[in-house]
Amino acid sequence: MRIEQSHSLGKEEVKKRSDGLAESLVNMPIPGGVSVGDISRQWHDDTMDFAFRVSKGFFGADIKGQVNVTDTNVILDIKVPPIVSSFVDEDKIRSVIQTRMSELVK
């Protein structure tokens, strides 16, 4: 899944805010009773590689992706495993992420 959001904040500010967004995922209410944990992230210039674990009951899956920050855009590429899509509709996931990204660059 790829989501792009324009911004006018400058790369460093968006990178700082992206770090905060990653941390907020742990406390973010996710539809379907899914919880988030084990977040890791690593910046390489203007690209952040990230990973986290989503769980529901005994089931869990690792989610990985990248955030690329340009002078005018934040681009999120995330791989949503099929097991996650079986618990939460991919359109709902996209909607929640788009809302968070929009809030990120306000």
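Throughout, numbering of the chain's residues begins at 1 and tracks the sequence.
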- F50 and I39, any side-chain heavy atoms less than 4.5 Å apart: no
- Of all heavy-atom pairs between K11 and T70, which one has the smallest distance, and what is that distance? CG-O, 3.7 Å
- Find the distance between CD1 (I75) and CD (Q5) and round it off to the nearest 0.5 Å. 11.5 Å
- For the pair K16 and E12, find out whether any cationic side-chain nitrogen is under 4.0 Å from an anionic carboxylate oxygen. no
- Message: Ignoring hydrogens, what is the shortest heavy-atom contact between D46 and N68? Give both atom names and the distance.
- Response: O-OD1, 3.2 Å
- Item | Considering all heavy atoms, the nearest V74-V14 contact | CG2-CG1, 3.2 Å
- R17 (side chain) donor-acceptor with K106 (main chain) under 3.5 angstrom: yes
- Is K64 reaching over with its side chain to a backbone N or O of V80, donor-acceptor style, under 3.5 angstrom? no
- Note on the structure: Value for OG (S6) from CE (M101), rounded to nearest 0.5 Å, stands at 9.5 Å
- Counting distance only, does the side-chain N/O of D89 pair as donor-acceptor with the main-chain N or O of D91 below 3.5 Å? yes
- Evaluate the side-chain proximity of R53 to S55: yes if any heavy-atom separation is below 4.5 Å, no if none is. yes
- Message: Pairing donors with acceptors under 3.5 angstrom, does anything connect the side chains of N73 and H7?
- Response: no
- Message: For a 4.5 angstrom cut-off between non-hydrogen side-chain atoms, does F52 reach V36?
- Response: yes
- Message: To the nearest 0.5 Å, what is the distance between CD1 on I3 and CD1 on I93?
- Response: 9.5 Å
- Message: Check this for me: does any side-chain nitrogen of one of D19 and R41 sit under 4.0 Å from a carboxylate oxygen of the other?
- Response: yes
- Query: Taking S102 for the side chain and Q98 for the main chain, is one N or O donor matched with an acceptor at less than 3.5 Å?
  - Reply: no
- Query: Which distance, rounded to the nearest 0.5 Å, do you find between the OG1 of T99 and the CZ of R94?
  - Reply: 12.0 Å
- Note on the structure: I97 and M1 have their tightest heavy-atom pair at CD1-SD, 4.5 Å
- Message: Can you tell me how far apart OG (S18) and CG (L76) are? Round to the nearest 0.5 Å.
- Response: 9.0 Å
- From CD (Q66) to CD1 (I78), nearest 0.5 Å: 11.5 Å
